[in-house]
Amino acid sequence: MGYRVVKLSELASYEFGNIEGAFAELGERELERVLPQGMALNSFKAQLQEGQLILLSDAPNTPALSLSSAPSGEKTWQFNTAAQSRFSPQAQTAFVSRTKAKGSSSRSGGSSDTQAVSEPAYTPQPPVEDRPEKPGVNYEYLFEVACSEEVLASEVGCQFALGKTPKEASIVTWETKPSEHGTVFSAKATNGAPRKLIAKVANTEKGVSNKEPVKLKPKDTGAVREAFIPVVPTVQLGSRLGFPTEGFYYHFHNNKLVQEYKILGEDRWAFYATRSTHEKLNTEQGTNKYQGAILLYWKIDSKVVKDQHLVYLDQAITREQLDNLNDDWLAEHGAPIDVPALLAAMQPQQAAEKPYKPQTFNAPANVVYDHKERLLMGSSLKAINNERLVESGLPVVKVKTLPSEELAFDLGYCQVDKTQPLDDYWRALFSEDTPADIQSLIKKYNEHLNNPVREGEIVVVPTSEPKSEEEKSRLDALIDEAKAASIELGKLSDDLVATTNRYFELLDYYANESSKDQVESSAASLAYGHASMGVGAIASGVSKHLTNINNILLDINEVYVTQVAMASRVGGINYGAFISERTALFKKLDGSFSALSKRSINVPAYVQIKKNLKLSKRSIIHNADEILSKGFVPNLGKRIANVAVGISAAKGLGYVGMLLGVASSASNIYDACSIDSTGNCGKVSSEEAGGIFGSLIFGAATGKLAAGGVALMLGVAGITAAPVIAIASVGAFVAGGAMGGMKGADIGKRIGEQIYIAYEWAFEEL
């Protein structure tokens, strides 16, 4: 669709209905084609909105003005309500005023003195009689362009003419008809003298005109001897094509400069022909037309043109470069033009599978991709992220592949979020934009990963190969951490891997506490030594939750002891009050235990490394210093390995996880039961405790808790007379086997009949 721009003062009456009211919805490329010389695009849009300039179209998408009939039958121009949001109130008033002003038809050669513009009555034109050609028109000339007339006008913007001869003026009128590849232009002449075929914008000739005069043929021969093909130039970065927004394009034929084009810049990718020739370089603007395509030779004197190149440079070509053109230089900075391949790319074909690997010559439908940003990451290339950018249907040429800038060495890591096949994990980590060399680099340094890769495994993410000894040392240390975690996680079942990750902070806390206490047991010592035994964020968070749990257990114990003592005196427990108090305390207990299965630390994402490597948006990358030095989780890999070792040692002795036990004062129970004369108060009280807490301790197969082991005895503040059993630990790290655990939602709800064994053992120890 063709557009043109006029000032409000130049608007003619016959153009009132041609004002485009939807200019804000047009693509930037369409606006840049009619952008006044020297004006920025944003300024152009602002002047359209204010009515200082007017965009005209033969078929506007939303006309700004529409005719309205008054009761008297008179028709007047009104502002279209559908277009009001695009224009300022001042512009709307000015447009309507223009339709009522005198002289508004000046550009059409007439005038209007009426206050309202009436639509003229329709008068059919008389039929046009065929007129015979004037005598002596016996020759013709035909050429072809591989696109429609409309695309030629909008993307290239040139017109053609046949130069004059001593006997005849130049010919500028052409008849056109569709052809297999585009459009055939034909003109008649009175003599067959050779003429120059001129392609020009206004009065300025373009470089493709600089050829030998063309030969005319007798009328009705129908021979097409010259042809052109417009192409859309792009460059490749990574796996995608984009439009440069700075730099120059060059069209060469037989190692001679045909045309230099300067890209507009300021994030604009249209371009214009300069005044440069092969003999004299001059980058000043040579034409007043901004182009979206470059016109290349297709045929000259019936022969398909060879030795033709397109070149892209970020700076203007120098005289020295132009004087020393050779095949190597052209190959380094540009692409040779294969006309048959270009024509093949224009043929209707199915869209290629995504992701599409750009070729030198591409069908326009294949180069469009999803990309939210205006520019390709880290470049000045306009992303081809909208089909409207290539709606001309012209073939897209990859002129040059830009080298990816080598990234400085940096080191990150991420953790696998779920157990899955390794190939699936790589597909999720990488995006379509991740360069192939980056993918290979990351895979190279992650050979330690299991397949299937396990939840919690550490993935090493370097940005480049290490160069200095310090960089190599950091990378080796991170791989050492990652290997430790992968080795031990690889020994566990999927369920145990999930348990390790869910309760990692609690398990790691007790592993470290056990090691610091130097319990004399092979299971208590850490299999993987590491320097930092207590991470502040983890230790403080877990300790807080455990303290809260112990306090709640003391409250439950106090309720129980009170009720048992009362029952001994008055003959029964007040179950109404007891159950109410117990229920409230159990809700608190559930909340505290649930908190132990949540991560209490949030390691910040390392966004920059993800952007630099163009990894998937779903991936979360962290700075490797968080593991290797003073960061949030020093020695993370070895900590995971130690937890996995403990889990592995415990897996045959019941459910693995946290063990909920009872905080209770043996002396208080003894005192409460001393009033009982039956002699079996210990058993009764313990069974009552089992009923009160309603949970089962797994793994206690003998009179001792956990086969071959002892429970970790924790002192609880406020209890003075005897050792307190506050079992909220992991036996695997203490005594060669798991004392047991709880199962999901059963936390705090299923202390069962074997609780008696625990109390019986406690009394024996007193």
Side-chain angles (χ1 to χ4, degrees), residues 236-240 355 357-358 377-378 401-491 497 528 603 605-629 631 633-641 644:
Q236 181 174 344
L237 180 66
S239 61
R240 288 174 170 172
K357 183 179 180 181
M377 191 72 68
T401 299
L402 299 181
S404 299
E405 293 186 8
E406 185 176 351
L407 296 171
F409 179 80
D410 201 355
L411 195 54
Y413 78 94
C414 56
Q415 281 188 270
V416 178
D417 59 346
K418 63 179 180 180
T419 299
Q420 60 190 294
L422 186 56
D423 286 344
D424 290 353
Y425 178 78
W426 291 134
R427 278 190 288 270
L429 178 67
F430 301 134
S431 70
E432 292 181 6
D433 291 333
T434 309
D437 58 338
I438 293 295
Q439 295 187 34
S440 299
L441 178 72
I442 292 176
K443 289 181 179 180
K444 171 184 175 181
Y445 288 110
N446 284 282
E447 294 180 352
H448 59 274
L449 294 175
N450 292 293
N451 191 8
V453 64
R454 302 306 186 92
E455 178 186 355
E457 285 194 73
I458 295 173
V459 180
V460 179
V461 183
T463 58
S464 65
E465 292 284 359
K467 297 179 177 60
S468 68
E469 289 302 319
E470 186 272 339
E471 291 172 353
K472 293 176 182 178
S473 177
R474 289 175 60 205
L475 180 58
D476 289 343
L478 180 58
I479 292 174
D480 187 46
E481 292 288 336
K483 281 182 178 179
S486 293
I487 289 172
E488 299 304 333
L489 288 173
K491 298 175 182 179
V497 168
Y528 292 86
V603 182
Y606 196 5
V607 177
Q608 192 57 48
I609 197 170
K610 181 167 70 174
K611 286 184 176 180
N612 288 342
L613 301 183
K614 301 179 176 63
L615 300 177
S616 165
K617 293 180 179 179
R618 298 187 300 274
S619 62
I620 300 177
I621 310 300
H622 308 295
N623 195 322
D625 288 344
E626 294 155 3
I627 295 178
L628 301 178
S629 59
V633 193
N635 303 111
L636 176 62
K638 293 175 183 177
R639 303 172 79 89
I640 293 173

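Predicted model only: the values in this text are computed from it and were never measured. Reckoned from all heavy atoms, side chains included, excluding hydrogens, waters and symmetry mates.
From Asp625, atom CG reaches atom OH of Tyr413 across 10.5 Å, with rounding to the nearest 0.5 Å. The NZ atom of Lys638 sits 4.5 Å away from atom CG of Asp480, with the distance rounded to the nearest 0.5 Å. Distance check: Asn451 CG to Asp424 CG gives 9.5 Å after rounding to the nearest 0.5 Å. Distance check, rounded to the nearest 0.5 Å: CD of Glu455 to CG of Leu489 gives 9.0 Å. For the atom pair CG (Asp437) and CD1 (Ile442), the distance works out to 10.0 Å, reported to the nearest 0.5 Å. From Tyr606, atom OH reaches atom CG of Leu411 across 9.5 Å, with rounding to the nearest 0.5 Å.
Counting heavy atoms from C-beta on, the side chains of Ile621 and Cys414 come closer than 4.5 Å. Taking 4.5 Å as the limit, every side-chain heavy atom of Asn612 sits out of range of all side-chain heavy atoms of Asp410. The closest side-chain heavy-atom distance from Arg427 to Gln420 is not below 4.5 Å. Side-chain atoms of Val459 and Val453, non-hydrogen and from C-beta on, never get closer than 4.5 Å to each other. Looking at Val461 and His622, their side chains never come closer than 4.5 Å, going by heavy atoms from C-beta outward.
A donor-acceptor pair under 3.5 Å is absent between the side-chain atoms of Ser486 and the main chain of Glu457, judged by distance alone. Under the 3.5 Å distance criterion, the side-chain polar atoms of Lys610 are matched with a main-chain donor or acceptor of Ser619. A donor-acceptor contact shorter than 3.5 Å links the side chain of Ser239 to the backbone of Glu432. When atom types are taken as modelled, the side chain of Asn446 and the backbone of Val460 share a donor-acceptor pair closer than 3.5 angstrom. At least one donor-acceptor pair closer than 3.5 Å links the side chain of Thr434 to the backbone N or O of Ser431. The closest donor-acceptor contact from the side chain of Gln415 to the backbone of Gly456 lies under 3.5 Å. With hydrogens and angles disregarded, a donor-acceptor distance shorter than 3.5 Å links the side chain of Glu481 to the backbone of Gly637. Listed for the Thr401 side chain is no donor-acceptor partner under 3.5 Å among the backbone atoms of Gln236. With Ser473 contributing its side chain and Glu469 its backbone, the two residues share no donor-acceptor pair below 3.5 Å.
Taking all atoms of both residues into account, the shortest heavy-atom contact from Asp433 to Lys614 is O-CD, 3.3 Å. Pairing each heavy atom of Pro403 with each of Leu237, the nearest pair is O-CD1, 4.4 Å. Leu422 and Leu449 get closest at one heavy-atom pair: CD1-CD1, 3.9 Å. Smallest separation of non-hydrogen atoms from Phe409 and Pro462: CE1-CB, 4.3 Å. The shortest heavy-atom contact between Leu478 and Ala624 is CD2-CB, 3.8 Å. Heavy-atom minimum distance, Arg454 versus Val497: NH1-CG2, 3.4 Å.
Ile620 CD1: 12 or fewer foreign heavy atoms inside a 6.0 Å radius.
The existence of a salt bridge linking Lys491 and Glu488 is confirmed by a sub-4.0 Å separation between a basic side-chain nitrogen and an acidic carboxylate oxygen.
Here ring-ring contact (aromatic ring centres under 6.0 Å, His included) pairs that include residues 430-473, with residues two or more places apart or in two chains, are Trp426-Phe430.
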